[in-house]
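Below, all heavy atoms of this structure are taken into account, side chains as well, without hydrogens, waters or symmetry copies. What you see is a predicted model; the values in this text were computed from it and never measured. Numbers restart at 1 for each chain; the letters A, B, ... are given by sequence-line order, proteins then strands.
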Protein chains: 2
Amino acid sequence: MSNMGNQLISNVFKALGHPTRIQIIKLLRKGELCVCDILPNIDSEQSNTSQHLTVLKNQGIVESRKDGSKVIYSIKNKEVYEMIDLVEAIILRQIEETKSSLSK
Amino acid sequence: MSNMGNQLISNVFKALGHPTRIQIIKLLRKGELCVCDILPNIDSEQSNTSQHLTVLKNQGIVESRKDGSKVIYSIKNKEVYEMIDLVEAIILRQIEETKSSLSK
DNA sequence: TCAACATATTAGATATTTCTAATATAATAA
DNA sequence: TTATTATATTAGAAATATCTAATATGTTGA
């Protein structure tokens with residue numbers, strides 16, 4: 001019965017459509033982190049990482065709060081991990097398929 | 001334990017990050033369709049829709065077979081519907097949040 | 001107050017996606 | 001054959017996303 005706008009839906013997927021943003025989400029799986037702890041674990045510049053965090057925040061995937069001079073980010077909607085698990089299942093199946101087609 | 005490449009994962013999300021492609025996926029929820037039945041239900045040109053179908057196929061989201069002069073597309077990995085449901089849950093929660101913050 | 005730190009914002013260059021229009025290919029029917 | 005239908009491919013323009021470098025803002029401690 002759902003008739004959610006496809007634009008809204010695709011916006012969320014698009015926010016997940018970048019390797020650095022997936023990397024950030026995976027980092028946050030264990031719990032909240034300040035930007036200062038995210039930065040050294042991410043393969044991109046400070047300003048770029050900050051921009052990626054903004055993209056994730058705009059789509060409601062992460063949220064942030066201030067703690068003194070630091071900003072602490074955390075996952076806002078945990079569904080995102082189920083989504084990543086589902087994508088990994090799809091990819092594994094694709095890989096299996098490729099293997100078996102090669103051995104024919 | 002999963003350590004699937006973030007590039008591979010984000011490629012799948014990126015393929016879902018377009019409203020027309022979500023529209024196509026939703027059309028295929030009821031079952032397979034030839035391109036000729038997809039086209040009239042999609043808000044874009046024939047060649048453009050064909051390109052979107054290619055994007056979905058490249059990421060293993062849909063598959064196709066030939067039937068005479070027609071090409072029949074179907075969903076290859078049904079996980080995609082669970083993913084859409086999860087995104088809709090996220091969006092609904094965001095909307096509720098917006099509402100309640102407005103009424104304060 | 002001032003210096004140092006933590007993070008965000010901006011502007012512009014570069015890269016990638018998307019779209020349109022035209023054309024190609026393949027199957028079928030006349 | 002030839003025309004028609006069904007779909008894919010291509011090229012290039014336009015739109016959007018990404019990255020880098022520079023700068024701005026806010027916080028804290030000396």
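Interatomic distance, CG of Leu16(B) versus CG of Asn11(B), reported as 11.0 Å (0.5 Å rounding).
Sorted by first and then second residue, the salt bridge (charged side-chain N to carboxylate O under 4.0 Å, His left out) pairs involving residues 28-39 of chain B (not counting sequence neighbours) are Arg29(B)-Asp85(B), Glu32(B)-Arg65(B). Listed by first and then second residue, the salt bridge (charged side-chain N to carboxylate O under 4.0 Å, His left out) pairs that reach into residues 38-57 of chain A come to none, sequence neighbours excluded.
The salt bridge (Lys or Arg N to Asp or Glu O under 4.0 Å) search around Glu82(A) returns none, not counting sequence neighbours. Taking the side-chain hydrogen bond (donor to acceptor under 3.5 Å, both in side chains) definition, one finds that Lys76(A) meets it with Gln94(B), Glu97(B), sequence neighbours left out.
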Practice problem: Sugar-phosphate means primed atoms, P, OP1 and OP2; the rest is base. With that split, encode nucleotides 11-24 of chain D 5' to 3' as B, S or - using protein heavy atoms under 4.0 Å. | Solution: B-----SSBBBB--

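The separation between Leu56(A) atom CG and dT7(C) atom P is 16 Å, rounded to whole Å. In this structure, the CG atom of Asp43(B) is 16 Å from the P atom of dT18(C), given to the nearest Å. Regarding Arg65(B), its CZ atom lies at a distance of 12 Å from the P atom of dT7(D), rounded to whole Å. Nucleotide dT18(C) holds its P atom 12 Å from the CD1 atom of Ile22(B), rounded to whole Å. As rounded to whole Å, 12 Å separates atom C1' of dA8(C) from atom CG of Leu39(A). Following rounding to the nearest Å, Asn58(B) (CG) and dT17(C) (C1') show an atom-to-atom distance of 14 Å.
Hydrophobic clustering places Leu53(A) together with Ile22(A) (ILVMFWY residues linked when any side-chain heavy atoms are closer than 4.5 Å, directly or through intermediates).
In terms of phosphate contacts, Tyr73(B) brings no side-chain nitrogen or oxygen within less than 4.0 Å of OP1 or OP2 of dA6(D).
One finds no salt bridge joining Glu96(B) and Arg93(B) here, because no Lys/Arg side-chain nitrogen approaches an Asp/Glu carboxylate oxygen to under 4.0 Å.
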Atom pairs under 3.5 Å, N or O on each side, protein against nucleotides 27-30 of chain D: can you list them with distances?
from	atom 1	to	atom 2	distance (Å)
dT27(D)	O3'	Ser69(A)	N	3.4

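In summary, of the residues considered (His18(A), Lys26(A), Gln23(A)), a side chain to side chain donor-acceptor pair (under 3.5 Å) with Asn6(B) occurs for Lys26(A) alone.
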